[in-house]
Amino acid sequence: MRNIDVTEAIDSGQFGRFQWMILGLCGLLLIVDGYDVFVAGTVLPKLIAEWGLSKPQAGALQAWALFGMMFGALIFGPLADKIGRKKGIALSFVLFTTATVATGFAASPDQFKIFRFIAGLGCGGLMPNAVALMNEYAPKRLRGTMVALMFSGYSIGGMVAASLGIAIIPSFGWQWMFYVAAIPLVLLPFILWQLPESLGFLIRQNRQSEARSIYSRLFPGDQLADGDKLIFAETNGASASVLELFRHERGLRTAMLWVSFFCCLLLVYLLSSWLPKVLQEAGYAERASLLSLFSLNFGGMAGAILGGRLGDRFGLPKVVVAFFAAAAVSIALIGTGLPTVLLFISVFIAGATTIGTQILLYASVAQLYNLSIRSTGLGWASGVGRIGAIVGPTFGGYLLAQELPLQQNFMLFAVPAVISVFAMLGYASLNARQVLRTPVAA
């Protein structure tokens, strides 16, 4: 008869076929999620022309999906700590895919806002739950890398949006960019059939038979005897309350992560919403401006994978600080009138160090909190970040309406990255001190 701690078993085991399947399924979900997030940036120039929108109005139009993401993260994060990661992911996925399809039928800005808000609810709920699930099935030594690999699907979704925008919008109109979101719904039954529930959640719910079935798939070489019992060190952990995020000397670190999330998502959605339009006004062709969105997301994927690997080796806080510093420089350079090739390189680096850093921040949050409050921590950090995401497009619209020189605009765009450098330096310092102490049990 054995008591098997599943966390210890996963941390000491190999990253096997079952975990690669989880990585692939979560990555596929995030491709769809990333497409939904970035599709709005591809259609924005057309919406401005068709509906006669000013830049501030267009920025506000973009913000409605981000309002939805904020509430979705705050609702579905804590909810999944109670109903399970799998149900939280399924509800979020169905919500944003159906609402995205409906957006294509919007006949006015008001209808567009409503559908984008509903889609945002689902997008905001999916991210924290997918991160939490992947974090729980990855060995500790590989968590940063595997979460980053999974989250690279988000950037692939953005590249798909940019690529389809080049092919679809000129020939078929902006509506078809939303209609194609119906395709992933066909895959949902397969994903739900294969995607496992969190082992820790099942054990907390005393659902041993389901947990044993998943454990057998996770470790096919370790046969469980009838008397063996799966346990989880955090089974009797704290309740899923936001106040718990500030206990056990986590308060300042939580605050620093929230500041960084706010600034990082402000940058991600500022660039993804306005970069094509700004470059078109600066004299670049429509195709080139949409390719910049592709470059931004390709950089995001590369930055996430590289950052996750570096984070596992050197520690996530150090890597995040370096990435934010590089983001400030690369964003400022975009507005200096660079030749096209150098422009795309700067945009690539900006994507790597904003979209990529967003993914590293999710991994940082997942590592800060234990299982009983992990989705709550991810949900609240993501929710605070969504406030920045709302501010980003709106701020960009008002700033661009002032018709400042291009270089001055991008210098101002880089300010949030500078703020994040100092916030994450504080977080890294606090984290280093905590490592030197005996961990406080939560």
Side-chain angles (χ1 to χ4, degrees), residues 1-29 76-93 125-126 128-143 146-147 150 188-240 244 363 365-379 441-442:
M1 180 177 177
R2 298 179 295 167
N3 284 335
I4 302 172
D5 188 323
V6 294
T7 301
E8 290 182 4
I10 291 171
D11 283 346
S12 61
Q14 298 297 313
F15 195 87
R17 181 181 300 176
F18 184 69
Q19 287 139 305
W20 279 112
M21 181 197 70
I22 298 171
L23 174 65
L25 292 174
C26 288
L28 184 61
L29 290 168
F76 285 101
L79 180 64
D81 281 328
K82 297 177 181 178
I83 68 171
R85 310 278 185 254
K86 186 172 180 177
K87 288 181 181 177
I89 288 171
L91 287 172
S92 301
F93 186 79
L126 179 68
N129 285 303
V131 172
L133 189 67
M134 190 70 256
N135 191 77
E136 289 160 28
Y137 277 104
K140 187 175 182 179
R141 66 186 182 279
L142 294 174
R143 279 178 190 159
M146 293 307 161
V147 170
M150 177 204 73
L188 183 61
F190 171 77
I191 292 172
L192 294 182
W193 175 46
Q194 292 292 326
L195 192 69
E197 182 55 89
S198 158
L199 266 176
F201 175 81
L202 292 174
I203 293 169
R204 286 173 62 200
Q205 297 289 312
N206 200 29
R207 292 156 63 179
Q208 279 284 321
S209 60
E210 294 173 65
R212 288 167 67 92
S213 175
I214 292 174
Y215 184 89
S216 297
R217 295 176 67 191
L218 191 59
F219 301 106
D222 184 6
Q223 296 297 318
L224 294 173
D226 289 341
D228 291 344
K229 183 178 181 181
L230 300 179
I231 62 173
F232 193 84
E234 299 170 12
T235 299
N236 296 316
S239 61
E244 194 65 28
V365 174
Q367 292 182 15
L368 178 60
Y369 305 114
N370 49 22
L371 177 125
S372 59
I373 59 170
R374 186 167 294 138
S375 278
T376 300
L378 285 162

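Given the structure is predicted, the values throughout are model-derived calculations rather than measurements.
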CG on L218 to CD1 on I22, rounded to 0.5 Å: 7.0 Å
Q19 side, atom CD; I10 side, atom CD1 - distance, nearest 0.5 Å: 6.5 Å
Close side-chain approach of L23 and Y137, heavy atoms under 4.5 Å: no
R212 side-chain N/O to D228 backbone N/O, donor-acceptor pair under 3.5 Å: yes
Side-chain heavy atoms of W20 within contact of M146, under 4.5 Å: yes
Atom of A132, atom of R85 and distance for their closest heavy-atom approach: CB-NE, 3.5 Å
Interatomic spacing from NZ in K86 to CG in N129 - rounded to 0.5 Å: 13.5 Å
Closest heavy-atom pair and its distance - P139, G13: CG-O, 3.8 Å
Smallest separation among heavy atoms of M150 and A130, with atom names: SD-O, 3.6 Å
Working for side chain to side chain contact (heavy atoms under 4.5 Å, CB included), residues Q205 and E197: CA-CA 12 Å; Q205 297 289 312; E197 182 55 89; over 6 Å; no
Within-4.5 Å side-chain heavy-atom neighbours: I89 and I191: no
Spacing of CD belonging to Q208 relative to CD1 belonging to I203, to within rounding of 0.5 Å: 6.0 Å
Side-chain donor or acceptor of R141 paired with backbone N/O of D11 under 3.5 Å: yes
Check against side chain to side chain contact (heavy atoms under 4.5 Å, CB included), L202 and L230: CA-CA 10 Å; L202 292 174; L230 300 179; over 6 Å; no
Nearest-0.5 Å distance, NZ of residue K140 to CG of residue N135: 10.5 Å
Which atom of S92 lies closest to which atom of G125, heavy atoms considered: OG-C, 3.3 Å
Euclidean distance, I231 CD1 relative to I4 CD1, rounded to 0.5 Å: 9.0 Å
Residues in ring pair (Phe, Tyr, Trp, His ring centres under 6.0 Å) contact with F219, at least two apart in sequence or another chain: Y215
Contacts of R207 that satisfy side chain to side chain donor-acceptor pair (under 3.5 Å) - sequence neighbours left out: E210
Residue pair L195, L133: steps toward the side chain to side chain contact (heavy atoms under 4.5 Å, CB included) verdict: CA-CA 10 Å; L195 192 69; L133 189 67; 3.9 Å; yes
K87 atom NZ: more than 12 heavy-atom contacts under 6.0 Å: no
